[in-house]
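Report on the structure given below.
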Amino acid sequence: MLETTLCGITLKNPVIAASGTFGFGAEYSEFFDVSRLGGICTKGLTLHPREGNPGLRVWETPAGMMNSVGLQNPGIPVFLERELPRMRTLGTAIIANIGGGDLEEYIEGVRLLSNVDGVDIIELNISCPNVREGGMAFGIKCDVAASVVAAVRPVCAKPLMVKLSPNAEDITAMAVACEQAGADAVSLVNTFKALAIDIHARKAVFDNVTAGLSGPCIKPIALRMVWEVANAIHIPVVGIGGIATWQDALEFIMAGATAVQVGTATFIKPTAMLDIVNGLEHYCADEHLTSLATVCNILGTETPLP
Amino acid sequence: MLETTLCGITLKNPVIAASGTFGFGAEYSEFFDVSRLGGICTKGLTLHPREGNPGLRVWETPAGMMNSVGLQNPGIPVFLERELPRMRTLGTAIIANIGGGDLEEYIEGVRLLSNVDGVDIIELNISCPNVREGGMAFGIKCDVAASVVAAVRPVCAKPLMVKLSPNAEDITAMAVACEQAGADAVSLVNTFKALAIDIHARKAVFDNVTAGLSGPCIKPIALRMVWEVANAIHIPVVGIGGIATWQDALEFIMAGATAVQVGTATFIKPTAMLDIVNGLEHYCADEHLTSLATVCNILGTETPLP
Amino acid sequence: MTNLSPAYVEGTTVLSQERLTEDVYRLTVATTTGGAPGQFYMVRAWEREPLLARPLSVHSVDEDTVSFLYQVRGRGTELLAHLEQGGTVALTGPLGHGFHTEELCGRIAIVTGGIGIAPMFCLARTLPSGDVTVIAGFKSAPYAVAQFVNLGVDVRIATEDGCDGTRGFCTEIFDPHIYDMVVTCGPMSMMARVAHLCAEASVPCQASLEAHMACGVGACLVCSCATVLGNQRVCADGPVFDATEVIWHA
Amino acid sequence: MTNLSPAYVEGTTVLSQERLTEDVYRLTVATTTGGAPGQFYMVRAWEREPLLARPLSVHSVDEDTVSFLYQVRGRGTELLAHLEQGGTVALTGPLGHGFHTEELCGRIAIVTGGIGIAPMFCLARTLPSGDVTVIAGFKSAPYAVAQFVNLGVDVRIATEDGCDGTRGFCTEIFDPHIYDMVVTCGPMSMMARVAHLCAEASVPCQASLEAHMACGVGACLVCSCATVLGNQRVCADGPVFDATEVIWHA
Ligand SMILES: Cc1cc2nc3c(=O)[nH]c(=O)nc-3n(C[C@H](O)[C@H](O)[C@H](O)COP(=O)(O)OP(=O)(O)OC[C@H]3O[C@@H](n4cnc5c(N)ncnc54)[C@H](O)[C@@H]3O)c2cc1C
Ligand SMILES: Cc1cc2nc3c(=O)[nH]c(=O)nc-3n(C[C@H](O)[C@H](O)[C@H](O)COP(=O)(O)OP(=O)(O)OC[C@H]3O[C@@H](n4cnc5c(N)ncnc54)[C@H](O)[C@@H]3O)c2cc1C
Ligand SMILES: Cc1cc2nc3c(=O)[nH]c(=O)nc-3n(C[C@H](O)[C@H](O)[C@H](O)COP(=O)(O)O)c2cc1C
Ligand SMILES: Cc1cc2nc3c(=O)[nH]c(=O)nc-3n(C[C@H](O)[C@H](O)[C@H](O)COP(=O)(O)O)c2cc1C
Ligand code: FES
Ligand code: FES
């Protein structure tokens, strides 16, 4: 009933663990049967290992949290050797999320990930706001984003999903540019660039000054972006941003998302994604839907406001 | 101690009621002494009266709310005749917030407001997301915004403050463009364009599909924008977005705001702004500050991330 | 009756919380701020979530208490229902323009649907009981009607499931022609029907409208309703309107 | 002691809530999930706000209860303090790698600052009491020390205001040379000092670190601490680390 096809890959259901919030899948296996998920996005990978950012890395905000992890990861070679074999036993689709400091790093990273079995989709993160050279610059301007996508496309033998930043100047134009440059799907949104100040210390809470905002607080904005993007491109859209319940997930699907990713909600409740899968199942049963596609993108393309 | 000068106008303190959330000042006079405020922004005014948007106009979200009022107002002539005389008795600075459907309407509206006593500052709203022709288009692209500011500047005999949209492609560049076009100050942010879907009805909650998000949920993003803008221009910045406590207000000031506006928080607690004024007073006393200017813009201009 | 002017008070003490049915409660708080029939309060019994307070009509009032009669609908009313004696709420009110009681004379019908009965008890107390008929519709078991009977008011009941009174809607047992004045409160569709019947019979009708609210005091314009006079604020221009002025199908 | 594997359980019943001082409480809940000394739970006693659960060490454990000893610091712990018997909490745990009890032999010093004493009671219970000395520092009046005395453990106290024991910091009454093993928990600055003293004296030291957490299970990497092995996750690689591996001034 919930089976979903995402750029040629069959997912059991449209509920995917968002990158950076689910490790490499092992941690939450202790809490629930992760094979019930539609897929898992790996922690953001880079060609070379990274230690991530110094200083405080998390801060709570009203209905949200800011993080400044900064792409800490063991590097793609170590991922392939140590993590991927274990991930493949989890019984769900594996989406390798890849970040990069420069174009060369992206290309080489995608090449390595393309050559292995067990990676189903490559998610190109051009939008991480927490690394100095780490992709944010790629995620703001359409032409820059398109050039990254165009550069990795030839070496990418897997379906290529591009993860967009809500900090992009024009996220719809950005999605169109990525589609034209060869993306098979887009996922959105990554975290919003945000600031918190420690008024007692009279300085920014984070060493990097800004950090990425996620969680329920961003949902209304993310949903609007997904709707706008879904009506502008022909490749699938994966909705992300503050999804915590099956109703939230359904809103994204109705706005035009083929699948969704869940991040912060898992911290609030380890089994949140399971509840979402179950909730969507019941919804389909109650509404006599044979597929969620029936309710996908039902708002129409009419944009009453400029 | 809290006295603040904003483009030549002396405010008792930096706490201003945000446009559209405080009517024309009369309503909340029943709850507290509004003369204790630094200023009041009027409901968004247009040259001609407007009925605003049909359908539901408010929706709650996690730590926020969406509104779709759509610039309902009696028109500037009626404002000048009926509301302004009453507002002038309130004993606080009056900031006339003006929206417009087209350039002509802005120009004529500013001209009318310029000719009267009792309006201290004109706040040019180029960013309302809730009117079809109502300014959103002006608030996205720098050059369009600059052309509006340049067009009204010659007819504006009052200090001109331009209210920026967080939906702008590049809010920093937008602020710079407005400064160059003759703005005396900028205020930011207006509401974020957002979406909510009624999954049972399978349609958007609002007739206009999207609506404007405000409240504590947007604070971390608004604060980041204020910091970026404050470090890019030389005219004063008024910080807006989710401010609910004196600590929030102080964060905006530390990020570079000369004054702040408070909107949604007043709905949560009618006397919220009074608490903020009192809180800032105590803070200054406790920290032995003779002026909040001491702690304004203390993060510095260094932007560690692109 | 004069509409009273409002205050914002935190820490108002809950004197009692009574559960009348599965999902209907009566909450009584200690306050001297009072309220005229048809006025309401913005009520808050939580710190941050939900964001906004909830409007509740004055159900009953005396010198130092105000009672609310409410139905659990969603998160806000659910949190209200968790309140216990000794707990506290934040109140903004009394707000709005209540019933035009000076116009209420002759034979008066009070037509209500569901929880729309809430504001009518304090209204009925101000009226000569012999002249008043309450025509109240409910989905199922009625609530809060005994107090009207105690006032000596004639009460007629309709229930959708037929468990009490006449089976069907209250509008089916309401004949406007035998009254001089009608007041109504309930779901918009039901009030629209009452307004229509009254207009046909040329009987004046006052309707207490509902709208989602943010400020509750007239400052934000989110609660507007379409009237022949243009958009009006339910919170400040109403909640009670002359039914002929409301554009019911807007 | 073996670190137990975790579960997520909602609706765990509060058996008791005791207030030990102005701002220190002991909360006991009914759960069979247990925990080894030094392991912790992510605890949540609210629905939506604050967003994240709060890490609390296992203070005491038996077959069907777990106790937490906690200090009210902010919003989360304040809400925990509102819990009453019969209330419920959501628990994720037991989590992390606790103390390496197999290494704890000879003369053992447990050096704590403030609420850092929390994880030490269940640790002390597993150790031969005659060999253990607790050196506990507090700002003012001590708490939770009687239970160690009851175990027959030697307890020495330092208070910053001198109201009990020696005036000053616990590190001033701690001489590493007379111990074979040290375990410590408390503010980072205090643990850094203990680690330094132990390193100078070449005494092995295990430190239970603190970090702000989001997932608590090792999946999000926000709780990292700098170690000689690179960044480690306090929640999953710790919270207990060999003090010589931690880079204290990072
Ligand atoms: C002037 C006025 C007086 C009222 N007096 C009473 C009263 O005395 N007793 C009583 O039980 N209810 C009264 N209401 C309705 C009451 O305010 C809503 O039921 C309540 O706000 C729902 O809040 P919630 O968080 O429980 O539900 P939500 O989760 O917010 O919503 C649940 C359902 O209620 C609807 N709803 C939400 N807010 C309102 C609203 N302001 N008006 C109408 N429908 C709404 C939603 O559309 C949804 O269908 C009054 C409303 C107004 C405007
Ligand atoms: C593994 C571990 C075990 C812990 N065990 C206990 C325990 O047994 N008893 C106990 O009282 N406390 C313990 N703590 C600390 C406890 O988690 C924090 O005091 C609590 O999260 C504060 O939450 P709050 O909402 O009350 O305060 P907040 O409003 O979140 O913060 C108040 C203050 O506490 C600090 N703080 C917030 N979260 C943490 C955190 N995770 N670690 C350290 N400081 C923090 C903030 O920086 C701030 O100064 C433990 C922490 C960790 C990491
Ligand atoms: C702690 C944390 C780490 C993250 N790391 C990554 C990452 O490495 N790569 C990436 O593309 N997105 C990363 N994200 C973004 C999430 O995948 C997701 O896009 C974002 O959190 C919004 O979804 P949510 O509101 O459901 O969390 C991270 C988010 C969080 C909270
Ligand atoms: C109900 C409502 C109506 C508003 N109307 C206007 C308006 O007419 N003109 C304007 O410039 N901003 C308007 N705003 C935006 C606010 O002035 C403010 O910029 C925004 O709400 C963010 O601040 P807050 O989070 O403190 O509410 C409105 C906001 C709300 C909530
Ligand atoms: S609720 Fe704000 S004007 Fe009515
Ligand atoms: S809190 Fe998520 S890895 Fe430690």
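Protein chains get the first letters and strands the later ones, always in sequence-line order, with residue 1 at the start of each. This structure is a prediction, so every number in the text was calculated from the model and none was measured.
Within the 4.5 Å cutoff, the side chain of Thr184(D) has heavy atoms near those of the Met190(D) side chain. Within the 4.5 Å cutoff, no side-chain heavy atoms of Thr245(A) are placed close to those of Asp275(A). Side-chain atoms of Arg26(D) and Leu69(D), non-hydrogen and from C-beta on, do get closer than 4.5 Å to each other. Looking only at side-chain heavy atoms (C-beta outward), Phe99(D) and Thr126(D) stay at 4.5 Å or farther from each other. Counting heavy atoms from C-beta outward, Gln206(D) and Glu103(D) have side chains that approach closer than 4.5 Å. Between Asn278(A) and Arg36(A) there is a side-chain heavy-atom pair separated by less than 4.5 Å. Between Val111(D) and Cys170(D) there is a side-chain heavy-atom pair separated by less than 4.5 Å.
Residue Gln71(D) holds its CD atom at 11.5 Å from CD1 of Ile117(D), rounded to the nearest 0.5 Å. The CG atom of Asn125(A) lies 9.0 Å from the NZ atom of Lys43(A); values are rounded to the nearest 0.5 Å. Taken to the nearest 0.5 Å, the CG atom of Leu45(A) stands 5.0 Å off from the CZ atom of Phe24(A). Taken to the nearest 0.5 Å, the CH2 atom of Trp248(D) stands 11.5 Å off from the OG1 atom of Thr227(D). Separation of atoms CD1 (Ile218(A)) and CG (Leu223(A)) is listed at 11.0 Å; rounding is to 0.5 Å. Note that CG of Leu113(A) is 5.5 Å distant from CG of Leu80(A), once rounded to the nearest 0.5 Å.
The contact list for residues 44-66 of chain D toward chain A, using heavy atoms and a distance under 4.5 Å, reads Arg44(D), Pro50(D), Leu51(D), Leu52(D), Arg54(D) by residue number. The interface of residues 27-35 of chain A with chain D, defined by heavy-atom distances below 4.5 Å, comprises Glu27(A), Tyr28(A), Glu30(A), Phe31(A). Scanning residues 77-95 of chain D against chain A with a 4.5 Å non-hydrogen threshold yields Thr92(D), Leu95(D), sorted by number.
Contact tally against chain A (heavy-atom pairs below 4.5 Å) for Gly216(D), Ala211(D), Pro6(D), Cys223(D): the top residue is Pro6(D). With chain D as partner, the option from Leu56(A), Val58(A), Thr21(A) having the largest number of non-hydrogen pairs under 4.5 angstrom is Val58(A). Counting heavy-atom pairs closer than 4.5 Å to chain D, the top-ranked of the candidates Gly20(A), Pro270(A), Gly23(A) is Pro270(A).
Using a 4.5 Å cut-off between heavy atoms, Pro216(A) touches chain D through its side chain atoms alone. Looking at Arg233(D), only its side chain comes within 4.5 Å of chain A, counting heavy atoms on both sides. Heavy atoms of Thr266(A) lying under 4.5 Å from chain D are absent altogether. Interface residue Glu60(A): only side-chain heavy atoms are found under 4.5 Å from chain D.
Of all non-hydrogen atoms in Ile16(A) and Cys41(A), the two that sit nearest each other are CG2-SG, 3.8 Å. Nearest heavy atom pair, residue Thr31(D) against residue Thr33(D), reads OG1-OG1, 2.6 Å.
Glu160(D) meets the side chain to side chain contact (heavy atoms under 4.5 Å, CB included) test with Lys139(D), Phe169(D); sequence neighbours excluded.
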